[in-house]
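For reference, the structure discussed in these notes is given below.
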Amino acid sequence: MITRFNEALFKGLESIIAVMLYLLTAVVFFQLVIRYFLKFSYAGLDEVTRLAFVWVVSIGSALAFREKAHMGITFLANKLAGRKRIYLELLVYVILIGFMAVVIKAGVQMTQMGIRQFSEYLEWPMALFYACIPFGAALSILVFVEFIYVNLCKLKEVTE
Amino acid sequence: MTAVILLLVFGITICLSVPVAAGLGIATAVTLAIDRIPLFMMVQRMMTQINTFTVMAILFFMLSGEIMCKGTMTEKLINWAEALIGHIRGGLAVAAGVAAGYFSALSGSSAATCASIGTIMIGKMENRGYPKGYSAGVIAASGITGIVIPPSVTLVVYGVVTGTSVRKLFMAGVAPGLLMCASMCVLSHYISKKRNYGEIRQFSLKKLWNATKDGIFVLIMPVIILGVIYGGAFTPNEASVIAAVYAYLLTKFKDKALPWKVMKEVLLKSVVNTAVVLFVMQTAAGFSWVLTNARVPHMLGELSASLGDSRVVFLILVNVLLLITGCLITGSGAVSILAPILLPVAVSYGIDPIFLGALMIVNLAIGYITPPVGVDLYIAGSIGKVSVEEVVKNVMPYLILLLILLVFITYVPSFTMFIPNLMK
């Protein structure tokens, strides 16, 4: 269930961030060209691109967890096999969920404070920026729940 | 006490195989909770790390590297290097070194350099009778200059976490990077001569001319990128966007190799690779903040002073610390954690922050070919289908050479600082 849900969710998110990054690159490039040749720049646009950037990488971080791209030191864990390895992985995911829960709690606090802070040029509430942190953490938790479910299924298969 | 708990929690979590970035965050969160410091201080630091314009350069340099792997740009570069130097004994091994050095001036990561050159070159070398293990070893070693020769993602990370000029850092990477690249090429030639690898061919000016003409758009790219940064026409940040757009236009319209499906894959891979670097930066920001509050830089300075109060001793300490760290975690991670700790001590010894950055990068580049976590060893091994042990064995002569170069770079700072000092 969770696997299929995440599959659909991340497929959607992947398309969104791919398009966002494409546009982001184009906007930053054209702004550079305009600034260089016409000596004209609009600082508000910088804020929009930065906003897009922090959201892209925050979602990207959860995506990286799903693709197991975040580097860890695994040569000790690789010594374990079978059920023991699965138990270790379950423990790691539980720890990670705990950490992300802390990030969400603190991140929501920060976002609430950001409702009354405003960005320099566009005067948009900073909460729009800050919210990417708890959002990314929440997505990561979904990934860990999926991995725990997958590992529990594996645990049933491995009989030793 | 705080520092002990912090390091202990970090040590335990990463031994359990928790990703390093998360381990840094968990250790920070635990120590802050014990000291009753509100946790939003940590997330605030996580936010400020990514909410700057400079970090975007990391994303764009990743993007240009990924794009170049798709079309024919890498292939043209390799053909050119082969036409230039491939005729001597061990020519292909030397050409691999030249191509990797050139690719380093286009991409900001050692892993990307190793992967893209290796994918084409290892098979080529095998076809001409080089042993598999040796080919993989050459590629692993040649790839490491990716983070030393600018542009370099790791140098951008150093610039962001320490607040030093990325432009000057890039220029400080030029001399050490070229020295490493050239010395490794000479070593490849020497080893091939001794072991009778490869064949001597006739040099053909016509071939070189054709390869140059064919690859001209790729060959001028580093000149454009580094030229605009050196000349100050654009910031490294702007140059990163120019590089990405240039690679995109060339691959899309000249090679016609970027349908949206492939482009989407390229974009996502760059986002994921960037997120990996940034997540470490984010959590390391809290981690090194706690270490600094616990006066660890101060203690490190005292330790260095007690061992003999001189720059020389401190620099040995830095080298040892970085080589060990480089064995365990990747360049950007090590820089995010250690740069804020080492910088204040280095400054007290009168060491230029730019020089410290260059020195850190050279050490950590060597970390890409030191076991157990030498990323390039694994990449070259998996492309060449040889065991990591085999790659390690073949990389050894290069590793020894690099350590000798490291001593030179460490104790002759004017060699590294010559180019950045020329800049206004």
Side-chain angles (χ1 to χ4, degrees), chain A residues 14-15 17-22 24-26 28-29 31-32 35-36 46 49-51 53-54 56-65 67-78 88-89 91-92 95-96 98-100 102-103 105-107 109-110 113 129-130 132-134 136-137 140, chain B residues 13-23 25-26 29 33 38-44 46-47 50-53 55-56 58-60 63 233-234 237-238 241-242 244-245 248 260 263-268 270-276 278-280 282-283 328-330 333 371-373 375:
Chain A
E14 277 176 8
S15 299
I17 54 179
V19 173
M20 265 170 90
L21 175 54
Y22 192 86
L24 174 74
T25 314
V28 174
F29 180 72
Q31 191 167 22
L32 186 154
R35 183 163 23 196
Y36 192 74
D46 282 346
T49 53
R50 230 169 48 217
L51 181 64
F53 176 77
V54 295
V56 165
V57 292
S58 300
I59 297 169
S61 189
L63 196 60
F65 270 117
E67 294 181 4
K68 305 201 167 153
H70 286 296
M71 300 281 255
I73 295 176
T74 49
F75 62 93
L76 289 171
N78 287 343
L88 176 71
E89 279 182 20
L91 174 67
V92 167
I95 293 174
L96 285 171
F99 173 61
M100 288 301 171
V102 170
V103 173
K105 187 166 170 266
Q109 231 178 333
M110 175 174 69
M113 288 193 296
F129 288 78
Y130 296 163
C132 71
I133 299 268
S140 304
Chain B
T13 47
I14 62 167
C15 283
L16 289 173
S17 80
V18 171
V20 173
I26 293 165
L39 281 162
F40 73 78
M41 304 279 276
M42 179 179 78
V43 280
Q44 241 168 10
M46 288 174 74
M47 188 66 213
I50 55 169
N51 195 13
T52 63
F53 224 66
V55 285
M56 272 195 219
I58 298 174
L59 178 62
F60 295 130
L63 190 57
F234 292 105
N237 217 14
E238 293 169 330
V241 187
I242 297 174
V245 173
Y248 172 74
W260 174 247
M263 190 58 200
K264 190 177 158 189
E265 198 185 297
V266 164
L267 290 165
L268 287 174
S270 326
V271 170
V272 167
N273 288 343
T274 308
V276 169
L278 290 190
F279 190 38
V280 179
Q282 285 181 303
T283 51
L328 294 172
I329 59 180
T330 54
V373 196
V375 179

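All values below were derived from every heavy atom in this structure, side-chain atoms included, with hydrogens, water molecules and symmetry-related copies excluded. Letters A, B, ... are given to chains in the order of the sequence lines, protein chains preceding strands, and every chain is numbered from 1.
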Is [X] in contact with chain B via its backbone, its side chain, both, or neither, using a 4.5 Å heavy-atom distance?
X: A:Glu67; value: side chain
X: A:Ile59; value: neither
X: A:Ser58; value: side chain
X: A:Tyr22; value: both

Taking the six-membered ring for Trp, are the ring centroids of B:Tyr248 and A:Phe29 within less than 6.0 Å of each other?
no
Flag the one option from [options] with the top tally of heavy-atom pairs under 4.5 Å to chain B.
options: A:Leu91, A:Val102, A:Asp46; result: A:Asp46
options: A:Leu76, A:Ile17, A:Thr25; result: A:Thr25
options: A:Ala26, A:Ala69, A:Ala106, A:Gly136; result: A:Ala106
options: A:Ile73, A:Leu63, A:Asn78; result: A:Ile73
options: A:Val56, A:Leu96, A:Val54; result: A:Val54

Side chains of [X] and [Y]: does their closest heavy-atom pair fall under 4.5 Å?
X: B:Met46; Y: A:Ile133; value: yes
X: B:Ser17; Y: A:Val92; value: yes
X: B:Phe60; Y: A:Val28; value: yes
X: A:Cys132; Y: B:Met47; value: yes
X: A:Val19; Y: B:Trp260; value: yes

Highest number of heavy-atom pairs under 4.5 Å with chain A: which of [options]?
options: B:Val20, B:Thr274, B:Ile329; value: B:Val20
options: B:Asn237, B:Leu268, B:Val280, B:Asn273; value: B:Leu268
options: B:Leu63, B:Val266, B:Leu59; value: B:Leu59
options: B:Glu238, B:Glu265, B:Met56, B:Lys264; value: B:Met56
options: B:Thr13, B:Leu16, B:Thr52, B:Ile14; value: B:Leu16
options: B:Ala244, B:Ala22, B:Ala275, B:Ala233; value: B:Ala275

Which bit of [X] comes within less than 4.5 Å of chain A, counting heavy atoms only: side chain, backbone, both or neither?
X: B:Gln282; result: side chain
X: B:Met41; result: neither
X: B:Ile26; result: both
X: B:Val245; result: side chain
X: B:Phe53; result: both
X: B:Val375; result: side chain

Would A:Tyr130 and B:Phe40 count as a side-chain contact (heavy atoms from CB on, under 4.5 Å) if you check the C-alpha gap in whole Å, the side-chain angles of each, and the deciding distance to 0.1 Å?
CA-CA 11 Å; A:Tyr130 296 163; B:Phe40 73 78; over 6 Å; no
Evaluate the criterion side-chain contact (heavy atoms from CB on, under 4.5 Å) for residue pair B:Asn51 and A:Phe53; output intermediate values, then yes/no.
CA-CA 8 Å; B:Asn51 195 13; A:Phe53 176 77; over 6 Å; no
For A:Lys105, does the NZ atom have more than 12 heavy-atom neighbours from other residues, nucleotides or ligands under 6.0 Å away?
no
Quick one: closest heavy-atom pair of A:Gly107 and B:Val43, and the distance?
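Answer, listing the atom of A:Gly107 first, then B:Val43: N-CG2, 4.0 Å.
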For B:Val55 and A:Val57: C-alpha separation, side-chain torsions, deciding distance, then whether side-chain contact (heavy atoms from CB on, under 4.5 Å) applies.
CA-CA 11 Å; B:Val55 285; A:Val57 292; over 6 Å; no
CZ of B:Phe279 to CE of A:Met71, rounded to nearest 0.5 Å, is 14.5 Å
